[in-house]
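Please read the structure below before turning to the comments.
For the numbers below, each heavy atom of this structure counts, side chains included, while hydrogens, waters and symmetry mates do not. As the structure lists them, so they are numbered: ligands from 1, and atoms in each ligand from 1.
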Amino acid sequence: MDAPEGGTLIRAADSAGLADAVRLLSQGRLVGLPTETVYGLACDASNPVAVARVFAAKGRPAFNPLIAHCDSLAMAQQQGVFDNTAARLAEAFWPGPLTLVVPLSASHQVCDLARAGLASVALRVPAHPVMRAVIAGLGRPVAAPSANLSGRVSATSAAHVEADLAGRIDLILDAGSSTHGLESTIIACLGGAPALLRSGAIPADAIRAVLGPDVPLRAARTDPDAPIAPGGLLRHYAPAASLRLNVSVPEPDEAWLAFGPLRSPVPQAAEILSLSETGDLVEAASRLFAFLRSLDARHSRIAVAPIPDTELGEAINDRLRRAATR
Ligand code: TXA
Ligand code: MG
């Protein structure tokens with residue numbers, strides 16, 4: 001993966017540090033940022049290459065949807081559709097450690113890869129002034145998973161972020177220890193009763209107190225790091241076309257999703273799109289959803305070239321296998 005040229009810099013979250021963070025994010029780079037819950041591994045949520053870099057830096061074998069952090073309710077409402085329940089919870093707990101999963105709105109800025117292809121979006125307006133100032137500076141949502149390597153505990157200080165991610169991100173803003181030290185509580189408001197997807201810094205009872213006796217809170221899951229969704233909550237984008245994987249020579253009436261240098265003679269196919277002609281897995285991940293949608297719109301059969309099962313290739317192959325076996 002493309003490591004930062006100057007190594008990972010840690011600096012104080014003063015105005016110069018904030019300006020640096022905003023500049024790097026707008027260039028598609030990664031920054032470790034403090035929030036009141038845990039430190040986040042932040043990127044521009046609208047930039048699929050930046051989001052692909054986040055997945056590469058975390059070393060996750062699958063694309064998990066990320067939380068889009070907003071500086072205000074107005075920015076959040078530009079990304080998602082709030083029903084009455086979502087609006088009440090946002091009013092009661094934002095800014096703060098509550099994440100709301102809501103249907104995606106037409107005016108959203110959160111790219112497909114950041115949502116792992118879901119038609120919903122996870123939104124949070126954090127209370128931490130540093131995080132909010134950086135989002136405001138960028139002017140659009142910041143996607144950020146917890147700033148730890150996959151399988152490790154969440155980072156609650158700049159030193160923790162450095163221990164896991166040094167050499168993989170460009171900058172860490174140090175604002176001391178996170179107040180809560182526990183991730184945000186995640187509630188899905190997707191129609192019907194709201195569902196608790198992850199317990200976190202706001203106790204379920206505090207949520208119930210705001211919802212009142214007439215709105216039950218469904219308990220959806222218990223594992224703190226991987227929401228398992230009730231009844232189709234996590235329905236990912238799946239192409240209508242059939243998908244054939246590990247195809248080096250497509251059939252002439254198939255569209256071909258290629259990877260790596262095209263050998264000559266170029267295979268006969270209905271259409272060819274290359275995820276990355278240079279064999280760059282970050283580039284391939286950043287294009288995966290857009291290219292699948294694009295081919296799906298024009299073809300009923302898609303063949304996909306073999307993709308190495310290393311680094312981000314693991315997550316790409318995981319996603320492709322799911323799309324192929326519906
Ligand atoms: O406190 C926090 O929430 C921290 C700080 C940095 O904001 N962030 C955090 O992010 O814990 P992460 O990526 O480690 O956990 C986010 C969780 C994931 O388990 C993901 O599956 C879930 O949110 N999630 C994101 N979008 C979702 C969606 N559309 N539907 C269901 N779950 C979603
Ligand atoms: Mg996490």
Side-chain angles (χ1 to χ4, degrees), residues 30-43 45 51 54-55 57-60 62-71 76 79-81 86 93-105 108 110-128 130-132 134-135 141-157 160-161 164-165 172-173 175 178-190 194-202 218 220-237:
L30 311 186
V31 180
L33 290 176
T35 87
E36 73 277 23
T37 57
V38 297
Y39 273 68
L41 167 50
C43 72
V51 175
V54 164
F55 287 115
K58 281 199 65 124
R60 252 190 143 268
F63 298 128
N64 209 20
L66 305 180
I67 298 170
H69 298 74
C70 300
D71 71 340
Q79 318 305 321
V81 180
F93 296 108
W94 281 355
L98 175 73
T99 295
L100 292 172
V101 174
V102 298
L104 197 63
S105 82
H108 78 88
V110 183
C111 68
D112 258 326
L113 188 59
R115 296 178 284 103
L118 294 171
S120 57
V121 61
L123 298 167
R124 175 160 108 80
V125 178
H128 202 292
V130 170
M131 185 64 160
R132 283 242 300 289
V134 170
I135 302 164
V142 164
S146 50
N148 51 277
L149 287 176
S150 175
R152 307 269 289 267
V153 295
S154 297
T156 55
S157 72
H160 294 166
V161 182
D164 268 20
L165 298 173
I172 301 168
L173 288 190
S178 307
T179 337
H180 293 284
L182 190 65
E183 286 95 339
S184 61
T185 302
I186 306 182
I187 308 281
C189 297
L190 295 168
L196 177 65
L197 297 191
R198 179 176 76 182
S199 306
I202 297 176
R218 286 187 293 157
R221 43 154 330 284
T222 49
D223 173 359
D225 221 38
I228 295 163
L233 206 65
L234 276 181
R235 193 169 294 131
H236 291 254
Y237 163 74

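One of the N, O or S atoms belonging to S146 lies under 2.8 Å away from the Mg ion (ligand 2).
For R124, the heavy-atom gap to ligand 1 drops under 4.0 angstrom. The closest approach between P97 and ligand 1 stays at or above 4.0 Å for every heavy atom of the residue. Using a 4.0 Å heavy-atom cutoff, H180 is absent from the residues neighbouring ligand 1.
Near G40, meaning under 4.0 Å from any of its heavy atoms, are these atoms of ligand 1: 6 (C). Every atom of ligand 1 with a heavy atom of I67 under 4.0 Å away is listed here by number and element: 3 (O), 8 (N), 9 (C), 10 (O), 16 (C). Which parts of ligand 1 touch L118 is read off a 4.0 Å heavy-atom cut-off, strictly below it: atoms 28 (C), 29 (N), 30 (N). Listed by atom number, the atoms of ligand 1 under 4.0 Å from A122 heavy atoms are 25 (C), 26 (N), 27 (C). For ligand 1, the atoms sitting less than 4.0 Å from at least one non-hydrogen atom of P145 are 10 (O), 12 (P), 13 (O), numbered in the order shown with element in parentheses. Of all the atoms in ligand 1, the ones that sit under 4.0 Å from a non-hydrogen atom of T37 are 1 (O), 2 (C), 4 (C), 5 (C). Remark: ligand 1 atoms within the under-4.0 Å shell around heavy atoms of N64 are 18 (C), 19 (O), 20 (C), 21 (O). Of all atoms in ligand 1, listed by their number and element, those nearer than 4.0 Å to a heavy atom of L197 are 31 (C), 32 (N).
Of the candidates A42, G200, P65, P65 brings a heavy atom nearest to atom 20 (C) of ligand 1.
In terms of heavy-atom proximity, P141 sits nearest to A68 at CB-CB, 4.0 Å. Between H160 and T156, the closest heavy-atom pair is ND1-N, 3.0 Å. The two atoms that bring P34 and V130 nearest to each other are CG-CG1, 3.7 Å, heavy atoms only. Minimum interatomic distance between I67 and L123 (heavy atoms only, all atoms of both residues): CG2-C, 4.3 Å.
For the residue pair R124 / T37, a side-chain donor-acceptor distance below 3.5 Å is found, with atom types taken as modelled.
Using a 4.5 Å cut-off on side-chain heavy atoms (C-beta onward), I187 and L196 make contact. Residues V125 and R132 meet the side-chain proximity criterion, which asks for heavy atoms closer than 4.5 Å.
For R115, no heavy-atom contact with ligand 1 is shorter than 4.0 Å.
Taking only nitrogen or oxygen atoms, main chain and side chain alike, K58 does not reach within less than 3.5 Å of ligand 1. Residue-to-ligand polar distances keep E183 apart from ligand 1: every N/O pair is separated by 3.5 Å or more. Looking at ligand 1, you won't find any N or O of T99 less than 3.5 Å from one of its N or O atoms. Every N/O-N/O distance between Y39 and ligand 1 stays at or above 3.5 Å. At a 3.5 angstrom cut-off on N or O pairs, S146 counts as close to ligand 1.
Taking S178 as the reference, nothing meets the side chain to side chain donor-acceptor pair (under 3.5 Å) condition, with sequence neighbours excluded.
Remark: W94 CH2 to L100 CG distance equals 4.5 Å, nearest 0.5 Å.
Between the side chain of Q79 and the main chain of H108, no donor-acceptor pair closer than 3.5 Å is present. Without hydrogens or angle criteria, H69 side chain to V142 main chain gives a donor-acceptor distance under 3.5 Å. Remark: the backbone N or O of A147 is not paired with any side-chain donor or acceptor of K58 at under 3.5 angstrom.
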